[in-house]
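It should be emphasised that the depicted structure is a prediction, and the values quoted were computed from it without experimental measurement.
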Amino acid sequence: MGFFSDFKASLMKGDVLSLATAVVIGGAFGKIVGSAVDDVIMPIVGLLTGGIDFTQKFITLDGNSYPDLTAAKAAGAAVITYGNLVQAIINFVIISFFIFVVLRAAEKARKKEEVVAAPAAPAGPTQEELLTQIRDLLKK
């Protein structure tokens, strides 16, 4: 019974619960970011690039020419789908920028909370008062 009680105790620690919460929130945030990229940003990128579908860009290794990637794969040709890499890089840059913007906004909000929550430091003696005290001590 000691093993199960230790396991239960480790699960109930704040670190494990915080991690579990972060994973769930991260999954939900991933869906939001994915939707923002797929449904909002990528159509704009498609418009700017003239409607190029990078996932259909490929090089066949057998020397034959195919009208599209589906036909090349159906023929059993070995293909390098460099378009998928380009698309993944574009998605990475967009998602990274999106996360940067969200984290920057959260950091600014946190700094504002710290400024509001931090009490004013008690005012200490001025430099002149300190020098006067030192002078008086030296006279003694």
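Residues passing the side chain to side chain contact (heavy atoms under 4.5 Å, CB included) test with Val40: none are found, sequence neighbours excluded. Residues satisfying the side-chain hydrogen bond (donor to acceptor under 3.5 Å, both in side chains) test with Asn84, not counting sequence neighbours, are Thr81. Residues passing the side chain to side chain contact (heavy atoms under 4.5 Å, CB included) test with Ile52 are Thr49, Phe54, Lys57, sequence neighbours excluded. Partners of Ile32 according to the side chain to side chain contact (heavy atoms under 4.5 Å, CB included) rule, which considers only residues two or more places apart in sequence or in another chain, do not exist here. Under the salt bridge (Lys or Arg N to Asp or Glu O under 4.0 Å) criterion, Arg110 pairs with Glu107, sequence neighbours left out. The side chain to side chain contact (heavy atoms under 4.5 Å, CB included) search around Leu61 returns Ala78, Ile80, not counting sequence neighbours. Taking Thr55 as the reference, Asp53 meet the side-chain hydrogen bond (donor to acceptor under 3.5 Å, both in side chains) condition, with sequence neighbours excluded.
Think of Leu48 as one node in a network of Ile, Leu, Val, Met, Phe, Trp and Tyr side chains linked at under 4.5 Å; its network also takes in Ile44. Other residues sharing a hydrophobic cluster with Tyr66 under the 4.5 Å side-chain heavy-atom criterion for ILVMFWY residues are Phe58, Leu69, Val79. Through direct or indirect side-chain contacts shorter than 4.5 Å among Ile, Leu, Val, Met, Phe, Trp and Tyr, Leu138 is connected to Ile134.
The structure places CD1 of Ile89 at 11.5 Å from OG of Ser96, a figure rounded to the nearest 0.5 Å.
The side-chain hydrogen bond (donor to acceptor under 3.5 Å, both in side chains) analysis of residues 22-39, with sequence neighbours excluded, yields the pairs Ser35-Asp39. Residue pairs meeting the salt bridge (Lys or Arg N to Asp or Glu O under 4.0 Å) criterion with at least one partner in residues 123-136, sequence neighbours excluded, are absent.
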